[in-house]
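Supplied in structure tokens, the structure appears directly below.
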Amino acid sequence: MKNASIDTKLFTDDGCYPNHPYLPAVIYRDCLDRSLNDLQSLLHKNRWSNTWTGSVFEYHHFHSTTHETLAVIEGAATLKLGGPEGEKVSVKKGDVLILPAGVAHKLEDSTPDFQVMGAYPYGKSFDLKTGEKNEYEESKKQIREAPAPSADPILGVNGPLMELWV
């Protein structure tokens, strides 16, 4: 990871958005210097697949059955993590977010060229939860059961995520 720094953020359950009870969101700052094809190959090598490219939804949402990584491949954005009472986080090309199951996220604002590559451990399909009351209890159970990744999406089996998510 070239000159990267690492931020971690733990969000609390607000009764609608469970977030994750003990795993923090992890943000690697300025860690990517790769082409799109190289990035996808790297993610796949580290067992994060079911990749896609695009933006982030403009409404609060989370995935209860799997963790997610979002690698910023173009532009910059402000994301809101943790739900309506969460925290705004600025990201730019070269940053990577690793969101544990349950962590709410939404796009607040972005440059016109903002684009991420998303991926999931083991290529698991993601579900889409929006904080509805009828989703809450089942989501909390699913979040606890989401399989832990076997490698950091960027730095592999010896990457910082493996120590941060013990």
Side-chain angles (χ1 to χ4, degrees), residues 1 6-29 31-32 39-73 77 79-89 91 95-108 116-166:
M1 262 187 349
I6 301 173
D7 293 333
T8 59
K9 300 184 181 302
L10 189 61
F11 299 99
T12 58
D13 183 333
D14 69 3
C16 290
Y17 298 94
N19 291 296
H20 198 284
Y22 57 87
L23 295 180
V26 178
I27 306 167
Y28 296 158
R29 303 281 184 184
C31 75
L32 293 178
L39 175 58
Q40 187 169 21
S41 295
L42 177 66
L43 291 167
H44 286 202
K45 178 181 130 193
N46 291 324
R47 292 175 227 91
W48 289 69
S49 56
N50 189 16
T51 55
W52 55 271
T53 56
S55 190
V56 176
F57 293 132
E58 295 179 355
Y59 54 87
H60 295 285
H61 68 284
F62 64 95
H63 313 296
S64 66
T65 58
T66 187
H67 310 292
E68 179 177 43
T69 191
L70 299 170
V72 183
I73 55 177
L79 304 176
K80 184 87 173 252
L81 302 181
E85 303 303 316
E87 183 178 333
K88 288 183 179 181
V89 174
V91 294
D95 293 349
V96 174
L97 292 92
I98 308 168
L99 303 175
V103 171
H105 49 291
K106 86 173 247 193
L107 179 68
E108 290 276 314
V116 297
M117 178 177 283
Y120 308 88
Y122 316 107
K124 187 155 173 60
S125 293
F126 61 90
D127 62 350
L128 184 66
K129 305 289 184 172
T130 58
E132 302 297 321
K133 285 288 186 193
N134 63 343
E135 301 172 337
Y136 181 75
E137 288 303 323
E138 180 183 15
S139 293
K140 284 178 55 169
K141 180 178 184 272
Q142 291 171 325
I143 289 164
R144 288 188 298 273
E145 294 173 354
S150 58
D152 182 296
I154 304 301
L155 296 170
V157 294
N158 295 317
L161 182 69
M162 306 318 292
E163 290 181 24
L164 293 168
W165 280 14
V166 178

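For reference, positions follow the sequence shown, starting with 1.
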- Note on the structure: Scanning both residues in full, the closest heavy-atom pair of Pro149 with Tyr122 reads C-OH, 3.4 Å
- Is there a donor-acceptor contact under 3.5 Å from the side chain of His20 to the main chain of Leu23? yes
- Under 3.5 Å, is there a donor-acceptor pair between the side chain of Asp152 and the main chain of Leu161? yes
- Item | Between OG on residue Ser139 and NE2 on residue His63, distance to nearest 0.5 Å | 11.5 Å
- Query: If we only count heavy atoms from C-beta on, is the Val26 to Asp7 side-chain gap below 4.5 Å?
  - Reply: no
- Could you tell me if the ring centre of His67 sits under 6.0 Å from that of Trp165? yes
- SB check Lys106 Glu108 (cutoff 4.0 Å): yes
- When you look at Phe11 and Val103, which way does the side chain to side chain contact (heavy atoms under 4.5 Å, CB included) test go after all the steps? CA-CA 7 Å; Phe11 299 99; Val103 171; 4.1 Å; yes
- Test item: Leu97 and Leu79 side chains (from C-beta on) under 4.5 Å apart, heavy atoms: yes
- Message: Within this structure, what is the OG1-CD1 distance for the pair Thr65 and Ile143, rounded to the nearest 0.5 Å?
- Response: 9.5 Å
- The reported gap from CG in Leu39 to NE2 in His44 (rounded to nearest 0.5 angstrom) is 9.0 Å
- Query: Can you check whether Thr130's main-chain N or O pairs, donor with acceptor, with His61's side chain at less than 3.5 Å?
  - Reply: no
- Note on the structure: Here the gap from Glu68 atom CD to Ile98 atom CD1, rounded to the nearest 0.5 Å, amounts to 11.5 Å
- Query: Got a donor-acceptor contact below 3.5 angstrom from the Asp127 side chain to the Ser64 backbone?
  - Reply: yes
- Message: I'd like to know if Lys141 and Glu145 make a salt bridge, using a cut-off of under 4.0 Å between side-chain N and carboxylate O.
- Response: yes
- Message: Quick check for you: to the nearest 0.5 Å, what is the distance between Trp48 atom CH2 and Lys124 atom NZ?
- Response: 13.0 Å
- Closest non-hydrogen atom pair between Gly156 and Ala151, with its separation: C-CB, 3.7 Å
- Would Lys80 and Glu87 pass as an ion pair if we require N to O under 4.0 Å? no
- Item | Thr69 versus Pro153, closest heavy-atom pair with distance | OG1-CG, 3.8 Å
- Once you round to the nearest 0.5 Å, how far does CG of Asp13 lie from NZ of Lys140? 5.0 Å
- What heavy-atom pair brings Leu107 and Val56 nearest, and what distance separates the two atoms? CB-O, 3.4 Å
- Query: Where does the angle between the aromatic ring planes of Phe57 and Tyr59 fall among parallel (under 30°), tilted (30 to 60°) and perpendicular (over 60°)?
  - Reply: parallel
- Is the shortest heavy-atom distance from the side chain of Ile154 to the side chain of Leu43 under 4.5 Å? yes
- Message: Quick check on the 6.0 Å ring-centre criterion: do His105 and His60 meet it?
- Response: no
- Item | Leu32/Val96 under side chain to side chain contact (heavy atoms under 4.5 Å, CB included): CA gap, chis, key distance, verdict | CA-CA 8 Å; Leu32 293 178; Val96 174; 3.5 Å; yes
- Heavy-atom nearest pair, Ala25 first then Pro100, reads CA-CD, 3.7 Å
- Query: Between Asn50 (side chain) and Tyr120 (backbone), is there a donor-acceptor pair under 3.5 Å?
  - Reply: no
- Task: Return yes when atom CG of Asn158 has more than 12 non-hydrogen atoms of other residues, nucleotides or ligands closer than 6.0 Å, and no otherwise.
- Result: no
- Taking the side chain as every heavy atom from C-beta outward, state whether Tyr22 and Leu10 have any pair of such atoms under 4.5 Å apart. no
- Message: Do Ser55 and Val116 make a side-chain contact, defined as non-hydrogen atoms from C-beta onward lying under 4.5 Å apart?
- Response: no
- Query: With distance as the sole criterion, is a donor-acceptor pair present between the side chains of Gln40 and Thr51 under 3.5 Å?
  - Reply: yes
- Within 6.0 Å of CD in Glu58, more than 12 heavy atoms from elsewhere: no
- Query: Heavy atoms, side chains only, cut-off 4.5 Å: are Pro84 and Tyr17 in contact?
  - Reply: yes
- Query: Backbone N or O of Gly123 within a donor-acceptor pair of the Ser49 side chain at under 3.5 Å?
  - Reply: yes
- Message: Quick one, Thr66 and Phe126 - any side-chain contact, counting heavy atoms below 4.5 Å?
- Response: yes
- Query: Are any side-chain N or O atoms of Asn19 and backbone N or O atoms of Gly82, one a donor and one an acceptor, separated by less than 3.5 Å?
  - Reply: yes
- Message: Do Arg29 and Ile6 have side chains that approach each other closer than 4.5 Å (heavy atoms only, starting at C-beta)?
- Response: no
